[in-house]
Amino acid sequence: LEKTATEEFKENCEKVIEDSIRTIRRKSVEKKRRNIEHLLRKYEPEGGHSQEVKDLLNEKIYYDSELEKLRVTGNG
């Protein structure tokens with residue numbers, strides 16, 4: 001089993017590394033997006049018309065698009 005796993009890693013080394021990097025990046029973007037959502041909920045009672053809210057919404061849109069790119073390139 002160990003020999004099979006080692007051989008498979010050798011053959012798919014590049015893909016494994018690319019997938020790992022994509023997963024780390026996706027998790028990082030998801031975490032940033034969750035933090036923004038938390039801040040938006042904090043501002044929600046104030047009506048959401050401040051410049052801070054607009055900036056947070058723009059940031060959320062950016063992270064949404066980054067996540068979509070990662071999903072498309074990673075097929076999931």
By salt bridge (Lys or Arg N to Asp or Glu O under 4.0 Å), which residues pair with K27, not counting sequence neighbours?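 Not a single residue meets the salt bridge (Lys or Arg N to Asp or Glu O under 4.0 Å) criterion with K27.
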With sequence neighbours left out, write down each residue that passes salt bridge (Lys or Arg N to Asp or Glu O under 4.0 Å) with E30, or none if nothing qualifies.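 Salt bridge (Lys or Arg N to Asp or Glu O under 4.0 Å) list for E30, sorted by chain: R26.
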In sequence, state the C-alpha distance, the side-chain angles, and the governing distance for H38 and R34, and then conclude on side-chain contact (heavy atoms from CB on, under 4.5 Å). CA-CA 6 Å; H38 173 76; R34 279 192 307 272; over 6 Å; no
Are the side chains of R25 and V29 in touch, meaning some heavy atoms are under 4.5 Å apart?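 Of all side-chain heavy-atom pairs linking V29 with R25, at least one is under 4.5 Å.
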Note, S50 side chain near V53 side chain (heavy atom, < 4.5 Å):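 They are in contact (side-chain heavy atoms under 4.5 Å apart), so the answer is yes.
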Where the side chain of T23 meets the backbone of D19, is there a donor-acceptor pair that is under 3.5 Å apart?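 A pair under 3.5 Å: yes.
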Testing the basics here: between I36 and Y63, what is the closest heavy-atom pair and its distance to 0.1 Å?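 Residues I36 and Y63, closest heavy atoms: CD1-CE1, 3.9 Å.
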Would you sort out whether C13 and I17 count as a side-chain contact (heavy atoms from CB on, under 4.5 Å), showing the intermediate values? CA-CA 6 Å; C13 180; I17 291 170; 3.8 Å; yes
Take K69 and E66 through the salt bridge (charged side-chain N to carboxylate O under 4.0 Å, His left out) test and state the conclusion after the steps. CA-CA 5 Å; K69 287 178 197 173; E66 288 297 302; 3.2 Å; yes
Please round to the nearest 0.5 Å and tell me the distance separating atom [atom1] of [X] and atom [atom2] of [Y].
X: L39; Y: D55; atom1: CG; atom2: CG; answer: 11.5 Å
X: R33; Y: E37; atom1: CZ; atom2: CD; answer: 4.5 Å
X: K42; Y: E52; atom1: NZ; atom2: CD; answer: 10.0 Å
X: L56; Y: Q51; atom1: CG; atom2: CD; answer: 10.0 Å
X: Y43; Y: L57; atom1: OH; atom2: CG; answer: 11.5 Å

Consider only side-chain heavy atoms of I, L, V, M, F, W and Y, link residues closer than 4.5 Å, and tell whether I61 and L67 are in one cluster.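 No, I61 and L67 fall in different hydrophobic clusters.
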